[in-house]
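Just below is one structure, and these are the notes that go with it.
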Amino acid sequence: MNPKIGVKIGRLALKNSVMVASGTFGYAEEFADFLDLKKLGAIVSKTITVKPRQGNIPPRTCEAPAGMLNSIGLENPGIDVFIEEKLPVLKKAGIPVIVSIASESGSEEFVVLAKRLDKLNEVAALELNISCPNIKSHVTRHKVTRLVSQDPRATFAVVKMVRRVTRKTLITKLSPNVTDIVEIALAAQEAGSDALALINTVQGMSIDVSTRKPKIAMIVGGLSGPAIRPIALRMVWEVYQKARIPIIGMGGIMDTESALEFFIAGASAISVGTANFVNPGVSAEIVSGVTKYLQKNKISSIKNLVGTLECKI
Ligand SMILES: Cc1cc2nc3c(=O)[nH]c(=O)nc-3n(C[C@H](O)[C@H](O)[C@H](O)COP(=O)(O)O)c2cc1C
């Protein structure tokens with residue numbers, strides 16, 4: 001049996017449901033020596049803004065128990081250079097390119113970015129990064145201020161504004177740093193998002209006791225990797241109960257087994273992030289592993305695995 005592993009996210013048909021997460025796969029070419037890029041369902045590019053950003057001061061990453069902390073600060077070349085230089089490189093991978101966008105100056109910037117990208121055939125879909133915890137305006141000396149995705153009204157407003165200017169598949173990426181992720185997910189859905197990506201990193205910090213300094217310069221950063229998998233899974237499962245649109249699940253997926261957990265919890269597709277740094281070929285291994293699991297369990301399509309968690313309660 002050859003199980004079907006393709007999935008539809010909005011209008012975007014992916015030949016398989018394994019993609020790579022924003023900010024963890026460069027512009028794909030760096031990974032071409034480690035895996036056949038065509039094996040992947042899609043690549044989500046590093047988040048871009050209108051103007052170039054140098055990112056935060058170093059150190060920007062450190063190890064954490066079962067994961068890593070990062071505060072890259074959305075380093076990116078800006079939309080002009082992205083379209084001219086980076087998009088052609090990404091296109092060479094031969095798989096759909098989902099472009100992640102963010103704003104450093106209010107919701108209008110999302111609209112500017114979406115309008116420009118809407119015209120380009122090379123762009124398969126847009127991912128709204130309303131959940132990056134590492135932009136300077138969000139992180140100050142003593143507190144981390146609110147992200148768009150920490151407020152259902154702000155989420156609704158941004159998604160609605162972007163929805164008006166693009167017909168491309170729209171994915172909204174949510175933050176786990178909230179009390180009730182379902183509320184935010186439903187706001188994005190009501191505003192016209194075609195899909196939800198969850199989760200972005202979990203805010204955290206780490207201290208070097210010999211110097212009493214924070215291990216990353218911005219003090220607070222985003223935790224990723226296996227440490228956050230149970231949080232991500234719980235959130236995917238909670239959102240799956242209430243949302244009608246597909247979920248792209250991520251957070252600590254390291255191998256086939258952890259990917260399968262997300263499908264069973266309710267994700268229609270999954271994204272591999274931090275694991276790419278540990279094993280650059282892992283996402284292709286997961287595609288094969290998921291296919292074998294479906295064959296072994298006589299499941300004809302990945303769709304039939306989604307949300308099949310068996311609960312006693
Ligand atoms: C170094 C690094 C850079 C990241 N950059 C972005 C980014 O630019 N945009 C974004 O939406 N998420 C970014 N993320 C978050 C990941 O896409 C993903 O949501 C998160 O790391 C959880 O998945 P993981 O545990 O598999 O890494 C970044 C994560 C890491 C580790």
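Ligands are counted one by one from 1 in listed order, and the atoms in each one are counted from 1 as well. In this text, all values refer to a predicted model and were calculated from it rather than measured experimentally.
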Legend entry - Any N/O pair T274/ligand 1 closer than 3.5 Å: yes
Legend entry - Test of proximity, S22 against ligand 1: N or O pairs below 3.5 Å: yes
Legend entry - Those atoms of ligand 1 less than 4.0 Å from some heavy atom in I228: 22 (C), 25 (O)
Legend entry - Sub-4.0 Å heavy-atom contact, G251 with ligand 1: yes
Inset, instruction - Starting from the C-alpha separation in whole Å, work towards a yes-or-no answer on side-chain contact (heavy atoms from CB on, under 4.5 Å) for I270 and I286. - result: CA-CA 10 Å; I270 59 111; I286 292 174; 4.3 Å; yes
Legend entry - Identity and distance of the protein heavy atom lying nearest atom 3 (C) of ligand 1: G23 O, 3.5 Å
Inset, instruction - Report the C-alpha distance between D194 and K8 in whole Å, list the side-chain angles of each, state the deciding distance to 0.1 Å, and finish with yes or no for salt bridge (charged side-chain N to carboxylate O under 4.0 Å, His left out). - result: CA-CA 10 Å; D194 294 303; K8 235 181 145 200; over 6 Å; no
Legend entry - Test of proximity, T47 against ligand 1: N or O pairs below 3.5 Å: yes
Legend entry - Within 6.0 Å of NZ in K303, more than 12 heavy atoms from elsewhere: no
Legend entry - Close N or O approach (N70, ligand 1; < 3.5 Å): no
Inset, instruction - Give the atoms of ligand 1, by number and element, whose distance to some non-hydrogen atom of A21 is under 4.0 Å. - result: 17 (O)
Inset, instruction - Starting from atom 22 (C) of ligand 1, locate the nearest protein heavy atom and write down its residue, its atom name and how far away it is, to 0.1 Å. - result: I199 O, 3.7 Å
Inset, instruction - Classify the contact between K173 and ligand 1 as side chain, backbone, both or neither, using a heavy-atom distance cut-off of under 4.0 Å. - result: side chain
Legend entry - Identified side-chain contact (heavy atoms from CB on, under 4.5 Å) counterpart of I231 within the set L223, V236, V202: V202
Inset, instruction - Specify side chain, backbone, both or neither for N76, according to which of its non-hydrogen atoms lie closer than 4.0 Å to ligand 1. - result: neither
Legend entry - Sole candidate of V159, I130, V165 that passes side-chain contact (heavy atoms from CB on, under 4.5 Å) when paired with F110: I130
Inset, instruction - Could you tell me whether K160 and E190 have a side-chain N and a carboxylate O separated by less than 4.0 Å? - result: no
Legend entry - Salt bridge flag under 4.0 Å for residues R234 and E238: yes
Inset, instruction - Would you mind reporting whether P176 and I228 have side-chain heavy atoms less than 4.5 Å apart? - result: no
Legend entry - Mode of L74 contact toward ligand 1 - side chain, backbone, both, neither (heavy atoms, under 4.0 Å): side chain
Inset, instruction - Show which atoms of ligand 1 fall inside a sub-4.0 Å distance from at least one heavy-atom site of T201. - result: 20 (C), 21 (O)
Inset, instruction - Start with the C-alpha gap between V272 and V282, add the side-chain angles, then the distance that decides, and say whether side-chain contact (heavy atoms from CB on, under 4.5 Å) holds. - result: CA-CA 8 Å; V272 180; V282 70; 3.8 Å; yes
Legend entry - V272-ligand 1 polar pair, N/O distance under 3.5 Å: no
Legend entry - Residue part near ligand 1, for N200, under 4.0 Å between non-hydrogen atoms: both
Legend entry - Shortest protein heavy-atom distance from atom 8 (O) of ligand 1, along with the residue and atom involved: K46 NZ, 2.9 Å
Inset, instruction - For atom 21 (O) of ligand 1, grab the closest protein heavy atom and report residue, atom and distance to one decimal in Å. - result: S224 CB, 3.3 Å
Inset, instruction - Decide whether an N or O pair under 3.5 Å exists between G273 and ligand 1. - result: yes
Legend entry - Geometric N/O contact E127 with ligand 1, under 3.5 angstrom: no
Inset, instruction - Could you tell me whether R53 and E104 have a side-chain N and a carboxylate O separated by less than 4.0 Å? - result: yes
Legend entry - G252 heavy atom under 4.0 Å from ligand 1: yes
Inset, instruction - Please work out whether the ring planes of F82 and Y27 are parallel, tilted or perpendicular, with thresholds of 30° and 60°. - result: tilted
Legend entry - Minimum side-chain heavy-atom gap E261-I253 below 4.5 Å: no
